[in-house]
Amino acid sequence: MAEIFELFPTPVMRIPALLSAEAALALSERLSLAASVANQRSPQLSHTRILRPGEDTALDAVVGQIGPHLQAFGQLLFGESLRWLVKEMWVNVLQHGGSQSLHNHANCFASGVLYLSPCDASACTRFSRPLGGAEFVFRNTHASMETGPFNADKWNAPLPAPGDLILFPSYLLHEVPVNLGGERVTLAFNAIPDRLDAWGYGVGFEP
Ligand SMILES: [Fe+2]
């Protein structure tokens, strides 16, 4: 019997119903009104300013609910129960026809998306394999090949319901394809551990 070892996988954690749908929709209604920062690439996408813990009681309660899951996710990433901190949050409001281009989040370690509104199937968060260097690229991609975990370029997160949370390593490239449905509201955030230690070579991170 042949065995296949899936080496060095990337964790993406989904927490269904972190918030009740009612609580998520209430946050969506209130916070989407504050999304006044235009996205540079998509006119149908806007954001709130960066929100920090301590600014909004309801958001602080949400951060409190995220905490144990973030802690568990961090343990998967670094093999130790570190002290994790949600550093900043922002709300994204994506209208019909808008999209979020491919990006990752610099200078942090874990990122998350809490879905506050319903999300059309066209606009599920989509993760991508690294794009690679500037060299020539060889691929075998055509209609009759079978896509699997060892050759897929992209992976769509499951269709979320309001209140669902997804956590992923901040280096992982992600995007939102063109939204063919109604308004899609999410709370995104970045988190850092207080300190990492590689055999005595420690680095600390400021909140
Ligand atoms: Fe992002």
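Residues: numbered from 1 along the sequence shown. We count ligands from 1, going down the list as the structure has it; atoms in each ligand are counted the same way.
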Test of understanding: with side chain to side chain contact (heavy atoms under 4.5 Å, CB included), list the residues that count as partners of F150, not counting sequence neighbours.
I4, E6

Partner set under salt bridge (charged side-chain N to carboxylate O under 4.0 Å, His left out) for E88, not counting sequence neighbours
R52

Salt bridge (charged side-chain N to carboxylate O under 4.0 Å, His left out) partners of D120, counting only residues at least two apart:
none

Mind listing the protein N/O/S atoms less than 2.8 Å away from the Fe ion (ligand 1)? Waters don't count.
H103 NE2, H105 NE2, H174 NE2

Considering all heavy atoms, the nearest N104-H174 contact
CA-CE1, 4.1 Å

For S144 and H142, test the side chains for any donor-to-acceptor distance below 3.5 angstrom and give the result as yes or no.
yes

Measure up the H105 and W90 rings against each other and bin them: parallel (under 30°), tilted (30 to 60°), perpendicular (over 60°).
tilted

